[in-house]
6 protein chains.
Amino acid sequence: MQLNRFMIRPYVEQALREEVGPGDTTGGFLVGDDPIQTGQIYAKGSGIVCGLLLADETVKTIDPDAVIEQPLKDGDPIGPGTVLLKITAKASTFFMIERCALDWLQQMSAIATKTRRYCDLVKHTKVRLTDTRKGWPGLRMLQKYAVRVGGANNHIFSLHNCVLVKDNHIKIAGGIKPAMEILRARAQHTFKIEVECESLEMVQEALDCGVEVIMFDNMDLDDMRRALTLVNGRAITEASGGINETTIVAIAETGVDVISIGDLTHSIRAIDISLDVKDIKPSAQRDIARLRAAGD
Amino acid sequence: MQLNRFMIRPYVEQALREEVGPGDTTGGFLVGDDPIQTGQIYAKGSGIVCGLLLADETVKTIDPDAVIEQPLKDGDPIGPGTVLLKITAKASTFFMIERCALDWLQQMSAIATKTRRYCDLVKHTKVRLTDTRKGWPGLRMLQKYAVRVGGANNHIFSLHNCVLVKDNHIKIAGGIKPAMEILRARAQHTFKIEVECESLEMVQEALDCGVEVIMFDNMDLDDMRRALTLVNGRAITEASGGINETTIVAIAETGVDVISIGDLTHSIRAIDISLDVKDIKPSAQRDIARLRAAGD
Amino acid sequence: MQLNRFMIRPYVEQALREEVGPGDTTGGFLVGDDPIQTGQIYAKGSGIVCGLLLADETVKTIDPDAVIEQPLKDGDPIGPGTVLLKITAKASTFFMIERCALDWLQQMSAIATKTRRYCDLVKHTKVRLTDTRKGWPGLRMLQKYAVRVGGANNHIFSLHNCVLVKDNHIKIAGGIKPAMEILRARAQHTFKIEVECESLEMVQEALDCGVEVIMFDNMDLDDMRRALTLVNGRAITEASGGINETTIVAIAETGVDVISIGDLTHSIRAIDISLDVKDIKPSAQRDIARLRAAGD
Amino acid sequence: MQLNRFMIRPYVEQALREEVGPGDTTGGFLVGDDPIQTGQIYAKGSGIVCGLLLADETVKTIDPDAVIEQPLKDGDPIGPGTVLLKITAKASTFFMIERCALDWLQQMSAIATKTRRYCDLVKHTKVRLTDTRKGWPGLRMLQKYAVRVGGANNHIFSLHNCVLVKDNHIKIAGGIKPAMEILRARAQHTFKIEVECESLEMVQEALDCGVEVIMFDNMDLDDMRRALTLVNGRAITEASGGINETTIVAIAETGVDVISIGDLTHSIRAIDISLDVKDIKPSAQRDIARLRAAGD
Amino acid sequence: MQLNRFMIRPYVEQALREEVGPGDTTGGFLVGDDPIQTGQIYAKGSGIVCGLLLADETVKTIDPDAVIEQPLKDGDPIGPGTVLLKITAKASTFFMIERCALDWLQQMSAIATKTRRYCDLVKHTKVRLTDTRKGWPGLRMLQKYAVRVGGANNHIFSLHNCVLVKDNHIKIAGGIKPAMEILRARAQHTFKIEVECESLEMVQEALDCGVEVIMFDNMDLDDMRRALTLVNGRAITEASGGINETTIVAIAETGVDVISIGDLTHSIRAIDISLDVKDIKPSAQRDIARLRAAGD
Amino acid sequence: MQLNRFMIRPYVEQALREEVGPGDTTGGFLVGDDPIQTGQIYAKGSGIVCGLLLADETVKTIDPDAVIEQPLKDGDPIGPGTVLLKITAKASTFFMIERCALDWLQQMSAIATKTRRYCDLVKHTKVRLTDTRKGWPGLRMLQKYAVRVGGANNHIFSLHNCVLVKDNHIKIAGGIKPAMEILRARAQHTFKIEVECESLEMVQEALDCGVEVIMFDNMDLDDMRRALTLVNGRAITEASGGINETTIVAIAETGVDVISIGDLTHSIRAIDISLDVKDIKPSAQRDIARLRAAGD
């Protein structure tokens with residue numbers, strides 16, 4: 001599932017309004033004839049690239065006539081020196097797009113890279129890794145896309161595309177059973193119902209109600225194993241709650257079906273990516289001559 | 001400089017449209033009479049709290065009648081169990097705001113906490129720490145606010161509120177001197193001019209042009225010390241480029257005036273914060289009774 | 001699942017910008033002192049009321065000080081003379097809100113009323129009725145809410161909250177089996193997979209792949225009965241395709257689990273609802289006196 | 001007066017954000033190499049086509065490189081099998097645009113078709129048919145355009161482009177005469193003034209004030225004929241109020257100048273229109289191979 | 001016709017986003033405890049006040065708890081020292097709203113004041129003065145409101161609320177007669193048709209077609225008098241084209257019905273209005289003490 | 001620093017939505033086959049042209065296929081007859097864009113022209129002229145751009161890109177010295193600090209604090225000269241406060257560095273600019289024939 005330009009445009013435009021605002025008060029004054037230049041965005045760090053379409057759209061928004069070559073695609077590995085985009089555009093364009101284009105790539109590649117590392121840790125098991133909804137509010141589409149690019153799956157996107165029953169839901173309904181009764185009657189029939197269970201008793205009650213997905217919420221390994229025995233294939237099982245690089249392998253090896261990991265998106269380390277413009281032609285001379293003439 | 005509700009509202013609304021969309025298809029079906037409940041947002045991890053107004057506005061957007069107590073203010077230290085907000089609102093409100101309210105706090109506190117740690121490392125020196133423009137595009141106001149809350153200063157916000165001369169600017173102008181000539185003539189006279197210098201030669205040239213702020217861009221410690229000797233108080237000096245917790249103390253001890261650090265915002269670790277709703281009253285019984293009656 | 005003011009505001013505001021624009025060039029000139037009046041919105045036709053919050057928000061947007069009493073709630077039956085809202089507001093408010101407030105109610109009640117009628121036709125069976133995504137693009141949240149108010153359930157809201165496999169999806173994947181293979185691997189694990197089947201062969205193939213929801217797409221009654229025998233409880237079954245008031249009862253009586261009906265939202269008949277303002281006080285006299293004085 | 005792309009874009013974009021949101025979770029996972037396909041939108045029902053530009057813009061928004069042939073223009077008659085648009089685009093495009101493109105056509109053609117039927121009923125008279133402002137709030141431009149395509153005229157668009165004096169306006173002004181006095185003094189001099197009259201007395205009073213357009217509001221045929229005699233060409237006359245296919249001919253034959261009909265837009269029956277994609281090439285094999293390899 | 005808060009909010013918010021952006025980097029750092037202050041907006045120049053609601057909404061947007069007294073209403077005369085608004089609000093509010101609140105008042109009062117002066121010049125005649133659509137695009141609602149406040153009327157607001165036939169329209173239709181034929185058949189029947197005439201021949205042709213409003217476009221006084229004789233009350237007459245304070249009286253005295261004047265809105269002189277905050281309490285001491293302590 | 005299409009688009013679109021709204025109800029009905037025409041925008045008055053990109057974008061927004069030639073660039077002198085843009089586009093385009101395209105040019109050229117006149121008055125001195133933030137709120141980017149085009153510089157854009165200390169700031173801080181103490185500690189280190197001084201005492205105090213820019217706020221010429229002697233090159237000096245064409249030369253000749261002038265943007269006189277479409281082809285005949293046929 002690729003990103004679509006139509007869907008990313010509002011993010012790219014908000015970023016450029018923030019970065020450029022009413023104008024670039026350094027580059028804007030210096031470009032003179034504004035010659036066409038070529039430049040490239042390249043990696044200084046290593047990881048999995050993600051966000052190429054956002055970088056591309058950033059350039060195109062400022063300079064619709066820019067020509068962009070893109071030798072890679074999202075999900076490809078990068079290392080120091082790997083070229084991500086080659087750009088031919090007006091000099092003023094490079095000054096305006098640099099920070100935004102790089103930041104989209106640095107942050108989204110950070111998520112993809114971390115995700116790939118987690119996937120590699122558990123590839124000897126059958127487990128499916130997913131994200132959660134944690135991270136920066138408002139940027140969920142981009143964060144979840146980066147998780148897919150990294151090789152994991154997406155958990156629910158919002159409160160609108162799931163039936164995810166948590167502790168407080170159960171309390172307000174008066175138990176798992178009455179909650180299921182209402183949700184079976186009212187919820188979209190194409191949703192599976194998932195219930196967060198904190199104890200073996202809750203797992204048993206959920207099973208008795210025919211719940212399709214059972215989340216083991218912050219269970220320790222022993223309880224998780226007992227819960228898996230209890231479920232015995234009658235529901236999809238999911239481990240969740242503070243899982244990290246240290247704990248994930250043991251959890252995956254229990255045989256749980258899914259592990260959902262907030263850490264993929266809420267705590268990230270930027271991948272170092274940079275922009276280099278080639279052979280810049282001095283173009284401000286005429287302006288300088290004019291300034292000096294005016295000064296006499 | 002506080003955040004203003006007017007200024008954060010677009011961020012809060014975008015996040016809620018993303019999270020709730022056309023409706024909460026779990027909680028929305030279960031709340032029944034939708035009783036008023038009280039709950040609290042509290043810390044599980046430790047750090048510096050930031051983002052309280054965003055959490056507050058998130059609640060108020062969904063439920064304008066909610067009553068919120070806020071015992072802390074942004075910048076206060078928190079630890080496991082610290083209560084951040086006490087909320088009295090409809091049960092359905094808690095279900096809709098949980099993820100967004102927590103995520104604003106988790107991400108913004110992450111930045112404030114990291115910033116405070118960096119500040120503490122160098123408090124024996126006179127150095128001023130600042131952020132950069134790195135991080136998630138489009139969220140700059142929030143990220144930079146969190147840096148201030150953590151105790152550091154803000155570097156430039158955008159290409160519009162500075163004159164920051166980089167390598168490519170110098171090339172396009174044909175040197176530091178002609179660049180200064182143009183910028184002195186055209187740029188807002190209330191801006192200082194900052195020049196990124198990669199060598200001692202550039203530092204000397206910048207000094208000769210009367211540049212007000214000189215950035216030592218990715219210089220090693222020895223060059224930085226030589227550059228400081230050269231400058232000798234005639235300009236504000238700033239160290240920048242890949243600075244982290246390991247390298248910051250030695251850099252600060254050179255006597256440089258400012259250190260700008262992308263790491264404060266581009267690589268962060270969420271602070272664990274949670275929501276707890278008290279004594280939830282089962283409220284769906286009437287609905288269940290109605291469903292059962294209909295089922296006959 | 002109630003509508004939330006936050007979620008309907010953009011619809012209400014767009015409608016008022018369209019209706020009032022830069023000002024009401026009749027009422028705006030006539031109101032003079034703009035006295036407070038009381039008025040009521042009442043039914044002239046019969047049906048199920050829906051859209052009260054939109055009418056309420058329409059009034060509040062124009063006149064935040066208006067006082068509104070709402071004796072009914074969405075889903076209640078109405079008939080000629082039933083009062084829906086009592087409004088105390090400035091005279092100018094009534095002029096500006098009339099058309100929008102009534103139209104929200106007329107169109108949404110039309111859907112709720114039609115839905116209730118369909119529900120009543122099949123209430124002797126166990127079938128669940130749902131809408132489709134058909135109707136006016138851009139207003140889906142409101143149209144689907146009205147269907148729920150009428151007593152039916154919602155089918156999928158968008159391409160983002162389902163896995164709904166249609167003919168062309170099967171072709172592009174090279175068959176139901178490979179389609180399932182990809183979707184099981186990539187799709188959100190909390191979604192059931194639904195496959196549209198046009199023949200008994202497709203139903204059999206879907207069953208063999210363990211598809212959770214099988215849609216009988218435009219099947220005649222005989223094929224539907226055969227398909228139900230084939231499925232025999234191993235999947236949720238859904239009838240769809242041009243179903244109307246004439247055909248629905250027989251389909252429901254086959255024992256199919258779900259019937260989805262585009263007709264609920266794409267073809268509707270407005271319920272007649274009107275506004276009456278009480279005892280209007282002439283308030284323009286001072287203006288008239290002034291005009292006459294100016295005319296001398 | 002054609003629709004302009006600039007003016008319809010917000011409607012098309014709102015619809016696609018609603019339909020596709022953060023991505024198509026069925027088609028998006030299945031398209032593999034995303035081959036270029038051809039398809040066509042064609043009629044299954046009969047009527048007058050309307051909304052072609054919205055369908056076209058829907059495709060172009062998702063896939064700017066799509067090639068579209070449009071053999072018809074809005075207002076042309078269609079019947080089962082008539083081709084409305086031929087589209088060459090990526091497979092993923094067809095999945096994303098299907099529902100929106102069809103729904104714009106189905107709903108707008110519904111209005112155009114109903115309008116044409118009404119126009120045909122009265123074409124032996126000199127009457128001019130118009131719409132009202134009734135229907136779905138927020139979509140007025142599209143609904144009124146469809147009425148014009150169907151062959152009728154538009155009544156006022158909003159409270160801002162008319163002086164339409166209703167019962168309550170008259171009361172607040174203290175009579176038709178003082179209302180006219182104010183409106184003549186203040187209203188845009190290029191507007192005719194229209195007064196809704198419920199009785200012959202009001203018609204006479206309006207005539208005495210030189211009102212340019214007199215609406216016979218819910219009058220029966222006899223009163224309408226008497227009113228027409230009274231007016232005798234001194235004002236434009238308009239019949240309004242609950243007019244439908246049964247009553248329109250007799251009203252038109254009274255010789256009234258204009259009949260305005262809410263029914264054209266508030267109660268409509270969708271025209272059945274469908275999308276067919278030709279010879280779909282299986283394109284997901286590489287993905288399946290990769291999945292199987294990963295599964296080992 | 002008053003401005004409505006709902007209708008002005010987008011203008012006020014756009015202005016504040018522009019003025020304050022991510023924060024007030026002077027006042028925001030200085031306010032310390034941010035004490036409640038009182039202040040007043042008062043006139044330094046003379047004229048007709050306009051824009052009070054925009055000033056009020058500007059304050060309320062930044063500080064919903066502010067208390068505002070408004071002793072005047074739009075249209076009242078002001079002179080040096082007249083108090084327009086008394087404001088009690090946080091100190092930080094005054095810093096953020098000053099420029100925007102004053103500028104709305106200065107620019108809108110400029111238009112109202114100029115309009116009043118023109119009205120006074122011709123009040124011995126029966127002429128009606130109106131604006132045109134000239135001025136700053138995008139602010140038409142506010143500019144036209146100010147004209148009404150000044151005492152003149154509004155000409156058409158947009159291409160959508162009129163039938164205004166100009167030279168090029170006539171050419172494309174092949175003459176006034178065929179243009180009228182089409183427009184009578186298609187245009188909203190509540191619009192009068194206005195034709196711009198540059199010669200007596202055109203006036204005669206327009207009269208022959210029964211045109212309701214005839215504009216004398218850039219005619220000299222003699223031609224205008226001849227045209228008025230020709231029209232002789234059979235149409236509303238309007239003079240337009242470069243009319244200013246020097247020429248308006250003679251034109252008004254010809255007896256023409258309407259004079260439309262671009263000069264009211266396209267060329268204006270700001271009225272001097274200022275803000276004064278009373279008895280400001282120093283509130284930053286605690287901050288200074290903290291800074292000094294930190295400096296040790 | 002050029003305007004960028006991306007940055008002006010919201011202004012252009014808002015203006016066209018206002019002007020055209022749901023359609024041009026004159027030209028839209030008359031264009032018939034809508035033939036391609038050529039036309040030109042040309043000056044009738046004299047001055048400095050500004051706003052060409054806004055005119056161009058206005059045309060392109062309505063008609064992306066239009067071809068535009070632009071023989072001039074912003075800042076060029078124009079006089080009666082000078083051609084600004086040559087446009088080849090559909091006839092309907094000319095009708096829709098005329099007012100907006102001309103108004104952008106008329107208003108922006110007004111500012112550029114006035115600015116150029118001021119610059120010419122003082123070109124024998126070394127003074128730098130700047131604008132202020134006065135004028136129409138919400139259009140600051142365009143107003144300030146026009147000032148640059150006219151040859152002056154921009155003063156601060158917003159409260160966010162400066163540290164501008166005014167009377168009330170000094171009071172709330174308890175003096176210039178404590179204000180400086182806070183601002184030096186907290187404000188962006190790349191901003192110079194500017195202090196508005198109303199007396200020689202304040203100038204002395206500001207100098208003692210090392211303030212970088214000192215504004216002489218409404219000082220008379222004698223005080224200004226004394227203040228300049230006091231400053232003696234230790235700060236940038238700026239004169240401000242009600243400066244106009246009469247007073248500017250004497251002020252400039254004092255040797256002050258900068259003069260900031262609200263008059264450049266808050267009080268302007270439109271430059272007369274017009275649109276002429278060539279050889280319009282009658283294109284409505286077919287429509288007329290059809291109307292007549294229908295009339296039989």
Side-chain angles (χ1 to χ4, degrees), chain C residues 11 14-15 18-27 29-31 91 94-96 99-100 103-104 106-107 133-140 158-160 162-165 168-169 171-174 178-179 181-183 185-188 266-270 277 280 282-285 287-288 291, chain D residues 11 14-15 18-27 29-31 91 94-96 99-100 103-104 106-107 133-140 158-160 162-165 168-169 171-174 178-179 181-183 185-188 266-270 277 280 282-285 287-288 291:
Chain C
Y11 299 92
Q14 179 177 343
E18 178 184 270
E19 167 74 352
V20 180
D24 169 5
T25 46
T26 306
F29 286 128
L30 290 175
V31 289
F94 288 97
F95 295 137
M96 284 191 268
R99 191 72 260 133
C100 290
D103 274 357
W104 289 122
Q106 294 199 158
Q107 300 294 308
R133 288 173 2 266
K134 294 183 179 174
W136 278 101
L139 301 180
R140 204 170 277 169
S158 70
L159 296 178
H160 183 66
C162 68
V163 181
L164 178 51
V165 182
N168 289 330
H169 293 120
K171 287 183 191 155
I172 211 160
E181 200 168 339
I182 294 176
L183 292 169
R186 295 193 180 157
Q188 195 171 307
H266 70 43
S267 299
I268 62 176
R269 171 153 298 280
V277 189
I280 295 176
S283 66
Q285 288 89 326
D287 288 348
I288 295 169
L291 283 172
Chain D
Y11 298 92
Q14 179 177 343
E18 177 184 89
E19 167 75 351
V20 180
D24 170 5
T25 47
T26 307
F29 286 128
L30 290 175
V31 289
F94 288 98
F95 295 137
M96 284 191 268
R99 191 70 262 131
C100 290
D103 274 356
W104 288 122
Q106 294 197 160
Q107 300 294 308
R133 282 165 17 258
K134 294 183 178 174
W136 280 101
L139 301 180
R140 203 170 278 170
S158 70
L159 296 178
H160 183 65
C162 68
V163 182
L164 178 51
V165 182
N168 288 331
H169 293 120
K171 286 183 190 155
I172 211 160
E181 198 169 342
I182 294 176
L183 292 169
R186 294 192 182 160
Q188 196 172 309
H266 70 44
S267 299
I268 63 177
R269 172 152 297 280
V277 189
I280 295 177
S283 66
Q285 287 88 329
D287 287 348
I288 295 169
L291 283 171

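Residue numbers begin at 1 in each chain, while the letters A, B, ... track the order of the sequences.
Interface remark: of the candidates R186(C), Q107(C), M96(C), Q107(C) forms the most heavy-atom pairs closer than 4.5 Å to chain D. When the candidates P282(D), P137(D), A15(D), P178(D) are compared by the number of heavy-atom contacts under 4.5 Å with chain C, P137(D) comes out ahead. Top candidate by heavy-atom pairs under 4.5 Å with chain D, chosen from K171(C), Q106(C), K134(C), is K134(C). Of the listed residues (V163(C), L139(C), L30(C)), the greatest number of heavy-atom pairs within a distance under 4.5 Å of chain D belongs to L30(C). Of the listed residues (E181(C), Q188(C), Q285(C), R99(C)), the one with the most heavy-atom contacts under 4.5 Å to chain D is R99(C). Most heavy-atom pairs under 4.5 Å with chain D: of the set I268(C), V165(C), D287(C), V277(C), this distinction falls to I268(C). Listed options L164(C), V31(C), T25(C) were ranked by heavy-atom pairs under 4.5 angstrom with chain D; first place goes to T25(C). Put simply, of G174(D), G23(D), A284(D), A179(D), the one with the most heavy-atom pairs under 4.5 Å next to chain C is G23(D). Chain C forms the most heavy-atom pairs under 4.5 Å with one residue out of H169(D), Q14(D), H266(D), and that residue is H169(D).
Nearest heavy atom pair, residue L291(C) against residue A185(D), reads CD2-CB, 3.6 Å. Residues A91(D) and I172(C) come closest through the heavy atom pair CB-CD1, 3.3 Å. Scanning all heavy atoms of the two residues, the minimum distance from I288(D) to A173(C) falls at CD1-O, 4.1 Å. Of all heavy-atom pairs between N168(D) and I280(C), the closest is OD1-CD1, 2.8 Å. Closest approach of S267(C) to R269(D), counting heavy atoms only: OG-CA, 3.3 Å. The two residues T26(D) and L183(C) come nearest to each other via the heavy atoms O-CD2, 4.1 Å.
Checked by atom type and distance alone, the side chain of D103(C) pairs as donor or acceptor with a backbone atom of G135(D) at under 3.5 Å.
In this structure, L159(D) and F95(C) have side chains that are not in contact, with every pair of non-hydrogen atoms separated by 4.5 Å or more.
In this structure, the portions of F29(D) lying under 4.5 Å from any heavy atom of chain C include both its backbone and its side chain.
Between the CZ atom of R140(C) and the CD atom of E18(D) there is a distance of 4.5 Å, given to the nearest 0.5 Å.
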